[in-house]
Amino acid sequence: MSGIYQIKRLADLGVDAVLFEGEDDLGGTWYRNRYPGCRFDSESYTYGYSFSKELLEEWHWKERFSSQPENLRYLNYVADRFDLRRHMRFGARVERMDWDDAARRWNLRFANGGSHSARFVVTSLGPLSAPTMPSYEGMDEFEGEAFHTFFWPKEPVALQGRRVGVIGTGATGIQVIAEIADKVAELKVFQRRPNWSTPLNNSTISEAEMDEIRDRYEEIFANCAASPGGFEHVPRWGFWDRTADERRALWDELYSQSGFAILAANFAEIFFDEVANREVSEYIADRIRGRVDDPAVAEKLIPLDHGFGLQRLPLETDYFEAYNLPNVELIDLRETPIERFTPAGIQTSGTHYDLDLIVYATGFDAITGAYDRVQIHGVDGTSLSEQWRDGPSTYIGVLSHGFPNLLMVAGPQSVSGSTNFPRAIETGVEWVTDLVAYALDHGYSRIEADAEAEQDWVAEVIRAHERMLFRRSKGWFTGYNSNVAGHEEGRVRYQAYFGGAPRYRAKIDAIAADDYRGITLE
Ligand code: NA7
């Protein structure tokens with residue numbers, strides 16, 4: 001999403017720019033995540049690019065929450081529509097980047113042995129592009145098929161008649177489980193911690209509805225720009241001004257609305273006030289109880305370790321009803337942990353499960369993982385991943401001191417991780433493009449964030465984070481990942497800016513207007 005728009009803006013600027021992509025085609029997230037059920041949680045028409053009126057006129061989103069194959073078609077359409085493929089080099093995975101301070105250039109080395117040198121490098125690496133796997137004894141011995149959802153094969157995967165195990169119940173696991181539950185012979189869900197989840201309420205978009213959306217595009221994007229999360233849903237204050245019955249009436253309404261309404265149009269107090277959060281959590285728990293036939297299974301699906309909305313909320317279609325099917329079993333790993341894998345399946349402390357296919361929906365080394373996977377060496381050979389070992393440190397999520405001319409789109413500590421991605425991506429791309437244009441216009445060839453300005457930004461990121469109840473939760477917002485050393489529980493990483501998109505934009509625009517305050521250009 002970000003690379004495609006970034007290369008367009010750089011091409012429009014008339015600079016000599018090339019886009020390197022590690023995969024053999026474009027699409028990023030929507031190229032890779034081909035698992036059944038993969039789709040937007042954002043309303044499609046708020047997810048698409050807003051930069052071209054013609055594009056908005058031409059494209060018809062067929063579903064309110066469009067699915068992966070259609071999303072990939074869209075990105076290909078955009079690339080072809082604006083003739084962007086000629087700027088793209090596929091199969092070009094950057095393995096290492098070294099800053100040459102004398103030449104003021106980055107030297108890039110590719111996994112396939114090639115190299116490239118550039119004055120500026122703009123990273124569009126994606127916040128959720130470094131998948132992570134658990135490490136259980138005997139995983140290599142399993143004789144069936146097994147893969148991470150990120151690596152779901154391009155070729156159709158047989159599901160009918162097969163015994164399938166899914167490990168992980170985050171946003172991905174919830175999508176895939178709900179989609180395949182009635183298509184497989186047996187489905188075993190290995191759940192360590194349940195997540196809160198609410199209905200997506202997807203629907204198709206007819207030609208007539210799409211025309212109405214097209215007429216409203218200007219308003220839609222203005223609404224997104226004004227909301228903290230980059231959606232049309234707008235949070236409200238006033239939890240304590242309403243009676244408990246009034247609050248329940250609102251939640252009944254929001255639960256039947258689509259997308260993140262229940263989260264992003266809810267009372268803002270639920271994110272800051274434990275009592276408010278407990279009440280809404282209890283409401284959602286009751287909804288789960290109402291949808292799952294077996295009360296014992298329902299209780300296992302209700303999170304006890306975090307309140308509603310305090311980790312990334314997965315949206316679902318018939319997820320809870322899947323557990324009412326006779327072929328679906330929930331295995332609570334807190335009661336019966338996985339002991340090892342065997343050639344035939346998975347052995348827990350209770351039972352051996354025979355499986356034909358194991359799906360790892362075990363998530364990502366979020367936000368900084370993609371950066372750690374490139375060896376980036378800045379001034380004096382300093383390693384970026386070493387510098388960020390305990391958490392990222394950036395200036396407004398775009399620059400990091402000691403790494404001149406490295407400009408991050410939707411980088412760590414920007415709002416990308418905390419909002420509707422594409423809206424923040426467009427903000428980031430436009431800001432970075434303006435900075436490059438400014439540098440070129442003024443004859444500057446070196447751009448570096450000042451250490452002090454960076455410290456101030458990190459302090460602001462921490463302040464915004466600490467105000468919110470999610471600060472204690474174990475999810476990728478706080479950098480938690482049990483499968484990555486240094487990201488375990490209790491090691492909080494300040495990954496994203498949670499001050500809201502409008503405030504973020506105001507801050508970065510003021511910096512630009514003030515001749516890029518906090519950045520040394522020379
Ligand atoms: P998430 O949200 O990070 O979920 C990963 C899930 O995998 C989560 O339930 C984990 O449980 C589980 N997990 C991870 N390792 C293990 C092991 N070893 N054993 C059992 N279960 C495990 O990733 P998703 O891909 O679902 O979603 C990522 C984002 O992509 C999503 O937020 C959207 O923005 C798109 P845990 O919580 O660690 O107990």
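Residues: numbered from 1 along the sequence shown. Computation of the quantities below employed the complete heavy-atom set of this structure, encompassing side-chain atoms and omitting hydrogens, waters and symmetry-equivalent molecules. Atoms within each ligand, like the ligands themselves, are counted from 1 in listed order.
In terms of protein heavy-atom proximity, atom 25 (O) of ligand 1 is closest to Thr172 OG1, 2.6 Å. In terms of protein heavy-atom proximity, atom 10 (C) of ligand 1 is nearest to Arg192 NH2, 4.4 Å. The shortest contact between atom 37 (O) of ligand 1 and any protein heavy atom is with Arg193 NH2, 2.7 Å. In terms of protein heavy-atom proximity, atom 35 (C) of ligand 1 is nearest to Leu128 CD1, 3.9 Å. In terms of protein heavy atoms, atom 4 (O) of ligand 1 is closest to Gly170 CA, 3.5 Å. Of the protein's non-hydrogen atoms, Ile167 CG2, 3.7 Å is the one closest to atom 21 (N) of ligand 1. Ranking the protein heavy atoms by distance from atom 3 (O) of ligand 1 puts Gly363 CA, 3.9 Å first. For atom 12 (C) of ligand 1, the closest non-hydrogen atom of the protein is Gly168 CA, 3.6 Å.
Between Tyr74 and Trp61, the ring centre distance stays below 6.0 Å. Aromatic ring centres of Tyr217 and Tyr45 lie farther apart than the 6.0 Å criterion allows. Ring centers of Phe498 and Phe470: under 6.0 Å apart, within the cut-off. With ring centers used as reference points, Trp251 lies under 6.0 Å from Tyr283.
Residue Arg471 places its CZ atom among more than 12 non-hydrogen atoms of other residues, nucleotides or ligands, all under 6.0 Å distant. Residue Arg503 places its CZ atom among 12 or fewer non-hydrogen atoms of other residues, nucleotides or ligands, all under 6.0 Å distant.
For the pair Glu426 and Arg9, the salt-bridge criterion is not met [side-chain N within less than 4.0 Å of a carboxylate O]. A salt bridge links Arg289 and Glu282; the closest N-O separation between the charged side-chain nitrogens and carboxylate oxygens is under 4.0 Å. By the 4.0 Å N-to-carboxylate-O rule, Asp305 lies close enough to Arg193 to be salt-bridged with it.
Close contacts of ligand 1 with Thr169, meaning ligand atoms under 4.0 Å from a residue heavy atom, involve 6 (C), 9 (O). Annotation for ligand 1: atoms under 4.0 Å from non-hydrogen atoms of Phe364 are 25 (O), 28 (C). Residue Arg312 approaches ligand 1 through these ligand atoms, each under 4.0 Å from one of its heavy atoms: 31 (C), 32 (O), 33 (C), 34 (O). Close contacts of ligand 1 with Asn483, meaning ligand atoms under 4.0 Å from a residue heavy atom, involve 14 (C), 15 (N), 18 (N). Each of the atoms 17 (C), 18 (N) of ligand 1 lies under 4.0 Å from some heavy atom of Pro134.
At least one side-chain heavy atom of Gln175 sits less than 4.5 Å from a side-chain heavy atom of Asp41.
Residue-to-ligand polar distances keep Phe190 apart from ligand 1: every N/O pair is separated by 3.5 Å or more. Among the atoms of Tyr480, some N or O lies under 3.5 angstrom from an N or O of ligand 1. Of the N or O atoms in Ala361, one or more lie within a sub-3.5 Å distance of an N or O in ligand 1. On a distance-only criterion, Tyr136 and ligand 1 share at least one N/O pair closer than 3.5 Å.
Heavy atoms of Leu333 found under 4.0 angstrom from ligand 1 belong exclusively to the side chain. Neither the backbone nor the side chain of Thr149 has any atom closer than 4.0 Å to an atom of ligand 1 (non-hydrogen atoms only).
The aromatic rings of Tyr47 and Phe40 sit parallel to each other, their planes meeting at less than 30°, with 60° as the upper class boundary.
Just one residue in the list Phe341, Phe142, Phe190 forms a ring pair (Phe, Tyr, Trp, His ring centres under 6.0 Å) with Tyr136, and that residue is Phe341.
Remark: among candidates Phe150, Trp476, Tyr360, Phe477, the nearest residue to atom 32 (O) of ligand 1 is Trp476, based on non-hydrogen atoms.
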